[in-house]
Amino acid sequence: GLEHSNMAMSARPLALNKQAAQPRCAAHRSPLRPATAPSRPVARRVIEIDFSDSDTQVAVAGIVLGLVAGIGAPLFYINRTERDEERLNNLRALNRATFEQTGEYMDEGEISKVRKPKWTDRKEWVDED
C-alpha cells in the first residue's frame with residue numbers, strides 16, 4: 001500500500017503540487033508575476049505636517065497668497081470692468097440728455113469729471129491683418 005500512495009502522489013499534475021508551482025530561486029521567477037510577501041495587515045499612515053517648521057510655514061503662506069492672488073485679482077478686475085461699463089452707460093445717457101436739452105454734447109472736461117479716462121480710452125484699436 002505504501003508504494004501505491006507514493007505513486008499516486010507523483011502522478012499528480014505539477015500545478016496542484018504547491019512546491020512545484022513556485023520557482024526555487026529568484027532567477028527563475030517570471031517578471032510578469034512578482035514575488036508575493038506573506039500577507040500582513042496594512043497599516044495606513046497619516047501624513048504629519050509640522051507647522052512649527054519655517055519651511056512649512058513659508059510653503060503654506062505661499063499657497064494661501066497664491067490662491068488669494070490667483071482668485072482675487074481676476075475677480076477684482078471683472079468687478080472694475082463691470083462698474084466701468086455701468087458708468088459709461090450712465091455717461092452716454094447723460095450725454096444724450098444734454099444734447100437733447102442744449103443741442104451740444106458734453107466736452108472732454110465735463111466727461112472727465114464724471115469718469116476719469118483710462119489708458120484703453122486713449123489707445124487706438126487698429127486691426128493690422
Side-chain angles (χ1 to χ4, degrees):
L2 188 59
E3 292 175 6
H4 180 65
S5 64
N6 284 341
M7 197 172 180
M9 203 171 198
S10 64
R12 277 199 228 162
L14 290 178
L16 295 177
N17 189 350
K18 290 184 180 181
Q19 291 176 352
Q22 294 179 355
R24 293 185 184 174
C25 68
H28 293 120
R29 287 192 185 116
S30 169
L32 299 177
R33 193 181 81 202
T36 57
S39 64
R40 57 185 164 168
V42 177
R44 295 187 180 197
R45 295 185 183 185
V46 176
I47 297 174
E48 295 181 18
I49 299 174
D50 183 17
F51 287 105
S52 64
D53 183 25
S54 64
D55 290 338
T56 304
Q57 291 172 351
V58 168
V60 170
I63 290 169
V64 170
L65 289 175
L67 286 172
V68 167
I71 294 171
L75 290 177
F76 174 77
Y77 285 115
I78 289 170
N79 186 3
R80 296 287 97 201
T81 302
E82 289 173 353
R83 290 193 35 101
D84 188 52
E85 280 294 321
E86 185 180 319
R87 282 192 201 106
L88 276 175
N89 289 335
N90 291 339
L91 183 61
R92 288 180 185 126
L94 179 63
N95 203 7
R96 283 191 293 270
T98 303
F99 180 73
E100 288 175 3
Q101 289 181 354
T102 63
E104 296 178 1
Y105 289 108
M106 298 168 61
D107 63 3
E108 292 294 323
E110 294 170 326
I111 292 173
S112 65
K113 287 179 186 176
V114 177
R115 177 184 173 266
K116 300 282 185 216
K118 296 171 40 177
W119 72 272
T120 54
D121 296 338
R122 296 184 297 270
K123 182 169 175 53
E124 189 174 322
W125 299 97
V126 179
D127 189 11
E128 299 177 359
D129 284 345

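- Note: Glu110 CD to Leu91 CG = 10.0 Å, rounded to the nearest 0.5 Å.
- Across every non-hydrogen atom of Pro74 and Ile71, the tightest pair is CD-O, 3.5 Å.
- Residue pairs satisfying the side chain to side chain donor-acceptor pair (under 3.5 Å) criterion with at least one member in residues 67-82, sequence neighbours excluded, are absent.
- For the side chain to side chain donor-acceptor pair (under 3.5 Å) condition, the pairs that include at least one residue of residues 91-108, sequence neighbours left out, are Asn89-Arg92.
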Under the side-chain contact (heavy atoms from CB on, under 4.5 Å) rule, what do Asn90 and Arg115 come out as? Steps first, then yes or no, please.
CA-CA 10 Å; Asn90 291 339; Arg115 177 184 173 266; over 6 Å; no
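- Among the candidates Ile49, Thr56, Asp50, the single residue satisfying the side-chain contact (heavy atoms from CB on, under 4.5 Å) test with Ser52 is Asp50.
- Remark: Arg87 pairs with no residue by the salt bridge (charged side-chain N to carboxylate O under 4.0 Å, His left out) rule, at least two apart or across chains.
- At a threshold of 4.5 Å between side-chain heavy atoms, the hydrophobic network of Ile, Leu, Val, Met, Phe, Trp and Tyr places Ile47 and Val60 in one connected group.
- Nearest heavy atoms, Met106 versus Val114: CE-CG2, 4.4 Å.
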